[in-house]
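Remarks on the structure that follows.
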Amino acid sequence: MPELPEVETIARGLANRVTGDVIESVWLGSKPEPLKSTASEIVATLESTRIAGVHRVGKHIVFDLENGGRTSSPVPRKSRQEFSKTHEGMLVPRSNTAQWIVHLGMTGRMLVCKPEQPVEKHTHAVARLSSGRELRFVDPRRFGRLSVAHGFESGGLEPLEVKLDLFVELFRGRKTPIKSALLNQKLLRGVGNIYADESLFRAGIRPRRRAASVTRKELPRLYSAIQEVLKEAIRLGGSSVSDYVDADGEEGFFQLQHRVYGREGKPCLVCKTPIKRIVIAGRGSHYCPKCQK
Ligand SMILES: [Zn+2]
């Protein structure tokens with residue numbers, strides 16, 4: 001399952017490939033699960049827009065769309081192009097800030113393809129670009145989601161941007177285990193199971209500790225560890241970005257060298273104590289009983 005660094009890598013790869021391109025038309029498959037907005041809403045929002053940029057928000061890929069693409073079409077657009085329907089069914093004028101939001105779920109991929117490349121099984125959306133290429137959304141297990149929005153916000157603070165004092169405030173008075181707090185998307189967006197375990201190891205904090213019990217001395221260590229782990233993984237992903245966004249790339253996500261995650265019973269890389277695995281809020285959590293207090 002792609003976590004924050006993978007989504008960041010994919011968003012950057014897409015930004016390099018499709019920024020400035022114009023979405024000429026959109027095809028959507030018949031499976032309802034991938035569509036979080038209605039099909040007509042997605043088509044109306046995407047068609048004839050220019051991709052102004054692609055970035056990551058939490059674990060979402062966000063395409064910023066501008067109306068500028070319309071000039072490329074010699075045919076006058078129909079009136080539906082001027083408005084977008086909101087979830088409440090209201091018609092609102094299309095602003096210059098429409099966004100196409102893609103969540104990859106477990107197995108979703110966003111591919112930049114030449115049109116002659118065979119359409120893979122489980123392709124749920126194809127956006128045809130004025131450059132002649134296609135953006136295809138492929139997702140065998142269909143946990144991924146496509147939607148459109150204006151001024152998208154996913155809640156929670158961005159772990160790579162949050163200031164230390166705000167980060168420290170997140171955990172004040174919280175009785176849940178620190179591990180659960182790190183996974184709570186309303187606090188921090190995009191930190192998943194693997195990176196939570198790895199960050200807690202580097203910070204020397206046991207995953208089951210109450211969030212509120214993590215001291216003022218430990219929190220800055222945790223803050224740095226999270227940023228370090230995520231940035232390291234993003235750097236690693238940069239070299240393999242082609243595997244995730246180019247249709248001829250190989251599948252499979254890059255992996256940070258895990259120090260605790262998935263290493264139950266194996267010796268700690270620092271002190272050789274066997275790594276323990278416990279379950280917290282249904283998620284496997286890995287830690288070194290000696291290095292983490
Ligand atoms: Zn250890």
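In each ligand, atom 1 is the first atom listed, and ligand 1 is the first ligand listed.
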If we ignore angles and hydrogens, is there a donor and acceptor under 3.5 Å between the side chains of Arg174 and Thr176?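 There is no such pair between these side chains.
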
Under 2.8 Å from the Zn ion (ligand 1) - protein N/O/S, by chain and number: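 Atoms qualifying: Cys268 SG, Cys271 SG, Cys288 SG, Cys291 SG.
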
Classify the ring geometry between His124 and Phe137 as parallel (under 30°), tilted (30 to 60°) or perpendicular (over 60°).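 His124 and Phe137: tilted rings.
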
Worked check of side chain to side chain contact (heavy atoms under 4.5 Å, CB included) between Lys36 and His103: CA-CA 10 Å; Lys36 211 175 152 192; His103 194 285; over 6 Å; no

If the threshold is 4.0 Å, N to carboxylate O, is there a salt bridge linking Glu134 and Arg136?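 Salt bridge: yes.
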
May I ask you to say whether Arg109 pairs ionically with Glu120, meaning some side-chain N is under 4.0 Å from a carboxylate O?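 Glu120 and Arg109: salt-bridged.
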
Is there a path of hydrophobic side-chain contacts, each under 4.5 Å between heavy atoms, that joins Val57 and Ile42?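 Unlinked, Val57 and Ile42 end up in two clusters.
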
